[in-house]
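Shown next, in structure tokens, is the structure this report addresses.
A note on names: the letters A, B, ... follow the listed sequences, proteins ahead of strands, and every chain is numbered from 1. All values derive from a computational prediction rather than experimental measurement. All values below were derived from every heavy atom in this structure, side-chain atoms included, with hydrogens, water molecules and symmetry-related copies excluded.
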There are 2 protein chains.
Amino acid sequence: MVDSRNTARTTEAAKPARLNRAQRCLVLKALADPRRFELLERIAKAGCPLACAQALAALSISAATLSHHVKELESAGLIRVRRDGKFAYLTLRPGVLPAMASLLTSLESANCARR
Amino acid sequence: MVDSRNTARTTEAAKPARLNRAQRCLVLKALADPRRFELLERIAKAGCPLACAQALAALSISAATLSHHVKELESAGLIRVRRDGKFAYLTLRPGVLPAMASLLTSLESANCARR
DNA sequence: TCGACATTTCGATAACTGTCGAATTGATTA
DNA sequence: TAATCAATTCGACAGTTATCGAAATGTCGA
């Protein structure tokens, strides 16, 4: 799980949050599965916390499999799961995706060979 | 393999190159393995095409394994391999990493739920 | 309390993948 | 031509993972 201290906010700003090697690896692995990526897309594009049951209806997988993928995304630090009685709601955890993006960008800009 | 038409240059500019689903998946899978990521890092940071033998010396893996990882990176479109007689030289293929980065960024910015 | 329901856990299975040593291929040099 | 060397391919193996059905857990409403 991505250390929450890295993303703890002082007041309101979203933080860049550098990813270390282990975190980077977890995040990439989590993103690399197509179904999981699609799930994350749906969570991101939903205007509000996405109910688990909704995700289940959208993707055509079993509840057990969904639960597994949710756990993977959660422990990679990509989403937050709020459990409320019978239900669970999924939200994107801000900052992680941008951190990954800037990591990749900086990798390429480190490149000097122009051919 | 990422379609080279997407990255074919007219003259000199580096192109953003949108990734489709299959390409996105290949790239993420390629990045998700730690050794492969490290290899890519070395290629990116080298100021010039990296000789295969150099990569082999740097990472502690067998030649067979290196060859496998090179193929993965190549077919994901992340690197280009120039073969010259006995030797092979690896260079980062520009545009792919930024395309991935912007894909991730746009995913988060699609998010409207601020909590 | 009982039954229905959402989610999770468990156990099993099939598919995938990273790894290696050995064999192969192809190029360079003696 | 023969020996050497870089890289690739092959075959095998171990570890991981996505997937499911069944069972368990916990919550809510009747």
Exercise. How is B:Ala63 classified with respect to the nucleic acid when contacts are heavy atoms under 4.0 Å: base, sugar-phosphate, or nothing?
Worked result: base

Here the distance between atom C1' of D:dT8 and atom NZ of B:Lys71, to the nearest Å, is 8 Å

Shortest non-hydrogen pair, B:Ala76 vs B:Val27, comes out as O-CG2, 3.6 Å

From CD1 of A:Ile61 across to C1' of C:dT7 the rounded distance in Å is 13 Å

Whether each nucleotide of nucleotides 22-30 of chain C has a protein heavy atom under 4.0 Å at its base (B), only at its sugar-phosphate (S) or at neither (-) is summarised, 5' to 3', as ----BSS--

Residue set satisfying side-chain contact (heavy atoms from CB on, under 4.5 Å) with B:Arg21, at least two apart, ordered chain then number -> B:Arg24

The reported gap from NZ in B:Lys29 to CG in A:Leu28 (rounded to nearest 0.5 angstrom) is 12.0 Å

Protein-nucleotides 16-18 of chain D N/O pairs under 3.5 Å:
residue : atom : partner : partner atom : Å
D:dA18  : OP1  : A:Arg36 : NH2          : 3.2
D:dA18  : OP2  : A:Arg36 : NH1          : 3.1
D:dA18  : OP2  : A:His68 : NE2          : 2.9

Residues pairing under side-chain hydrogen bond (donor to acceptor under 3.5 Å, both in side chains) where one sits in residues 54-63 of chain A, two or more places apart or in two chains, turn out to be A:Ser62-A:Thr65

Does A:Arg83 make a side-chain N or O approach to OP1 or OP2 of C:dT8 shorter than 4.0 Å? yes

Those residues at least two apart in sequence (or on a different chain) that pass side-chain contact (heavy atoms from CB on, under 4.5 Å) with B:Ile79 are B:Leu40, B:Ile43, B:Val70, B:Leu73, B:Glu74, B:Val81, B:Leu90

Heavy-atom nearest nucleotide on DNA chain D taken for A:Leu66 and for B:Ser67; more 5' hit belongs to B:Ser67

Rounded to whole Å, CG of A:Leu73 lies from P of C:dT8 at a distance of 12 Å

All heavy atoms of A:Leu66 vs all of A:Leu39, minimum pair found to be CD1-CD2, 3.9 Å

### Message
Less than 4.5 Å apart, side chain to side chain, heavy atoms only: is that true for A:Met100 and A:Leu19?
### Response
yes

Contacts satisfying salt bridge (Lys or Arg N to Asp or Glu O under 4.0 Å) that involve residues 35-44 of chain B (not counting sequence neighbours) are B:Glu38-B:Arg42, B:Glu41-B:Lys45

note: B:Glu74, atom CD; D:dA7, atom P; distance rounded to Å ~ 14 Å

B:Leu56 CG to C:dC20 C1', in whole Å, measures 13 Å

- Is the backbone N or O of B:Ser106 less than 3.5 Å from a side-chain atom of B:Ser109, with the two atoms forming a donor-acceptor pair by type? yes

Separation of C:dT8 atom P from A:Tyr89 atom OH, nearest Å, is 13 Å

